[in-house]
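For reference, the structure discussed in these notes is given below.
Protein chains get the first letters and strands the later ones, always in sequence-line order, with residue 1 at the start of each. Hydrogens, waters and symmetry mates play no part in the numbers below; they use all other heavy atoms, side chains included.
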2 protein chains.
Amino acid sequence: MDTDEELVIDAPHRELLDQILDKWSLGILNELCERPCRFNELRRAIPQVTQKSLTATLRRLERNGVIERKVVSTRPVAVMYLITPLGKTLRHPVDVLLAWASQNMPAVERARRDFEARGETDGL
Amino acid sequence: MDTDEELVIDAPHRELLDQILDKWSLGILNELCERPCRFNELRRAIPQVTQKSLTATLRRLERNGVIERKVVSTRPVAVMYLITPLGKTLRHPVDVLLAWASQNMPAVERARRDFEARGETDGL
DNA sequence: CCGCATCCCTGAGGATACTG
DNA sequence: CAGTATCCTCAGGGATGCGG
């Protein structure tokens, strides 16, 4: 469909970040950093996620090599998800990001209130 | 038990990161870190973005206080977008993230190939 | 217990046309 | 020049049911 496209900033990087920083990934990664988890353990740990989204996110993370999926062929099949060494290296960047968010949340909220309040003075 | 801080990912943080790390924000932020830009300058700098998405992203970034919108009431109205001090503090976290992406892209691509290759043999 | 398949709905985002 | 308004598409993700 698309031929050679002009890359804006870092198209591959953008794509990778999209896959890793999406809605549920951070929570899952965070959970798996603590301990390996089974599918339903993750569901319990992150109650808001649906089965479908959880499966999709886990697959995506596995595909990108940040988590590993281990099938244990016991009686009712058990599946373990664990963080990989590559996945562990994500902790620092994510931590820095979350630290920024924590630290600047007040400023952001102030900006948001300012923005709403200013809504009228902005003529155009 | 170790004493290191647990990453907390609550809804407000997630939402904030979603608003700031979305499809076009990084590119725009990057551009505005270099120099203040006008609307069409940004369009030219990031050719893939449509007016609608650009407008929406700029509004979102402005609302969150990371950029500022300055209207100059000259003859044909001019609008300047500039990074705020708060916006500048985003550079480091984003930089760390991009550095991670750069550094680990090869590993990720390897993992992806592994994943695809494993998909056939596994027959799942 | 794990997770794939299906239907359905919402909303982000692209294309296009039109104003101040 | 800097948007707003309208239409349309399509992927994300909730709900439910089935299969290994």
Once side-chain hydrogen bond (donor to acceptor under 3.5 Å, both in side chains) is applied, do any residues pair with B:Arg43, and if so which ones, sequence neighbours excluded?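 Here no residue qualifies.
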
Which residues share a side-chain hydrogen bond (donor to acceptor under 3.5 Å, both in side chains) with A:Glu41, sequence neighbours left out: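 Applying side-chain hydrogen bond (donor to acceptor under 3.5 Å, both in side chains) to A:Glu41 gives none.
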
To the nearest 0.5 angstrom, please state how far the CG atom of B:Leu61 sits from the CG atom of B:Asp22.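 Result: 7.0 Å between the selected atoms.
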
Which residue pairs pass the side chain to side chain donor-acceptor pair (under 3.5 Å) test when at least one of the two sits in residues 104-114 of chain B, sequence neighbours left out?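 Checked against side chain to side chain donor-acceptor pair (under 3.5 Å) - neighbours excluded - the pairs reaching residues 104-114 of chain B are A:Asn64-B:Arg112.
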
Output a table of nitrogen or oxygen pairs between the protein and nucleotides 9-13 of chain C separated by less than 3.5 Å.
| from | atom 1 | to | atom 2 | distance (Å) |
| --- | --- | --- | --- | --- |
| C:dG13 | N7 | B:Lys52 | NZ | 3.2 |

To the nearest angstrom, how far is [X] atom [atom1] from [N] atom [atom2]?
{"X": "A:Phe39", "N": "D:dG19", "atom1": "CZ", "atom2": "C1'", "result": "15 Å"}
{"X": "A:Arg43", "N": "C:dG3", "atom1": "CZ", "atom2": "P", "result": "11 Å"}
{"X": "B:Leu58", "N": "D:dC1", "atom1": "CG", "atom2": "P", "result": "16 Å"}
{"X": "B:Leu54", "N": "D:dT4", "atom1": "CG", "atom2": "P", "result": "11 Å"}
{"X": "A:Glu41", "N": "C:dG3", "atom1": "CD", "atom2": "C1'", "result": "16 Å"}
{"X": "A:Met80", "N": "C:dC1", "atom1": "CE", "atom2": "P", "result": "14 Å"}
{"X": "A:Asn40", "N": "C:dC2", "atom1": "CG", "atom2": "P", "result": "4 Å"}
{"X": "B:Leu42", "N": "D:dC1", "atom1": "CG", "atom2": "P", "result": "13 Å"}

Can you check whether [X] has a side-chain N or O nearer than 4.0 Å to OP1 or OP2 of [N]?
{"X": "A:Arg59", "N": "C:dC4", "result": "yes"}
{"X": "B:Arg69", "N": "D:dG3", "result": "yes"}
{"X": "A:Tyr81", "N": "C:dG3", "result": "yes"}
{"X": "B:Arg38", "N": "D:dC1", "result": "no"}

In the structure I gave you, are the side-chain heavy atoms of [X] and [Y] within less than 4.5 Å of one another anywhere?
{"X": "B:Glu31", "Y": "B:Tyr81", "result": "no"}
{"X": "B:Val96", "Y": "A:Leu97", "result": "no"}
{"X": "B:Leu98", "Y": "A:Leu17", "result": "yes"}

Looking only at heavy atoms, which two atoms of B:Phe39 and B:Gln51 are closest? And how far apart?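 Reported closest heavy-atom pair: CZ-O, 4.1 Å.
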
Considering all heavy atoms, the nearest B:Leu29-B:Ile20 contact: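 Looking at all heavy atoms of both residues, the shortest contact is CD2-O, 4.4 Å.
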
B:Arg44 side chain, from C-beta outward: closest of D:dC1, C:dC4, C:dC1: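 For the B:Arg44 side chain, the nearest candidate turns out to be D:dC1.
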
The side chain of B:Gln51 is closest to which nucleotide in this list: D:dA2, C:dG3, C:dA17?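 For B:Gln51, the side-chain atoms sit closest to C:dA17.
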
With sequence neighbours left out, write down each residue that passes salt bridge (Lys or Arg N to Asp or Glu O under 4.0 Å) with A:Glu68, or none if nothing qualifies.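 Result, salt bridge (Lys or Arg N to Asp or Glu O under 4.0 Å) vs A:Glu68: A:Lys70.
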
Return whichever of A:Val49 or A:Val77 has its heavy-atom-nearest nucleotide of DNA chain D closer to the 5' end.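 This one resolves to A:Val49.
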
Angle between terminal axes - the helix from C:dC1-D:dG20 to C:dG20-D:dC1, 5 pairs each end, rounded to 10°: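 Inter-axis angle at the ends, rounded: 40°.
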
